[in-house]
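This report refers to the structure that appears directly beneath it.
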Amino acid sequence: LLFDEQLFEELVKLLDDLFPGSLHIRLLGAGGAADAVVWQAAREHHCVLVIKDEDFIAWAFCAEPLPRSSGCGWGTVRRHTTTGSGGAGR
């Protein structure tokens, strides 16, 4: 895995047992790099790119595809409920 700058560097250590050899863009000396540089680093290191940046995801649709990539989303999750018969939450 190659973690983008918006994700914590500690993820490399935390996930090492599941994904040995994972990298973080800052640990590669490319902190603050343009999206194209991050994309190229993932290609060169044969990594799945893990990103949180929505703008990056939009940009990626126009770029030459990576073998694999993954987007992350964290934030507030809303719970929707219905009323009436069978009013279970979704």
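Sequential numbering from 1 along the given sequence is applied to the chain's residues. These values consider heavy atoms only, across backbone and side chains, with no hydrogens, waters or symmetry-generated copies.
In terms of hydrophobic clustering, with Ile, Leu, Val, Met, Phe, Trp and Tyr side chains grouped at heavy-atom distances under 4.5 Å, Leu15 and Val12 are assigned to a common cluster. Note: the hydrophobic cluster containing Leu27 also contains Phe19 (ILVMFWY, side chain heavy atoms under 4.5 Å, direct or indirect links).
Once rounded to the nearest 0.5 Å, the distance linking CG of Leu18 with CG of Leu1 reads 9.5 Å. One finds the CZ atom of Arg26 at 4.5 Å from the CD atom of Glu9 (value rounded to the nearest 0.5 Å). A distance of 12.5 Å separates CZ in Phe3 from CD1 in Ile25, rounded to the nearest 0.5 Å. Interatomic distance, CG of Leu7 versus NE2 of His24, reported as 6.0 Å (0.5 Å rounding). Put simply, CG on Leu28 and CG on Leu2 are 6.0 Å apart, with the number rounded to the nearest 0.5 Å. The CG atom of Asp35 sits 10.5 Å away from atom CD of Glu5, with the distance rounded to the nearest 0.5 Å.
The shortest heavy-atom contact between Ala42 and Leu49 is CB-CB, 4.1 Å.
For Ala36, the side chain to side chain contact (heavy atoms under 4.5 Å, CB included) criterion is met by Trp59, not counting sequence neighbours.
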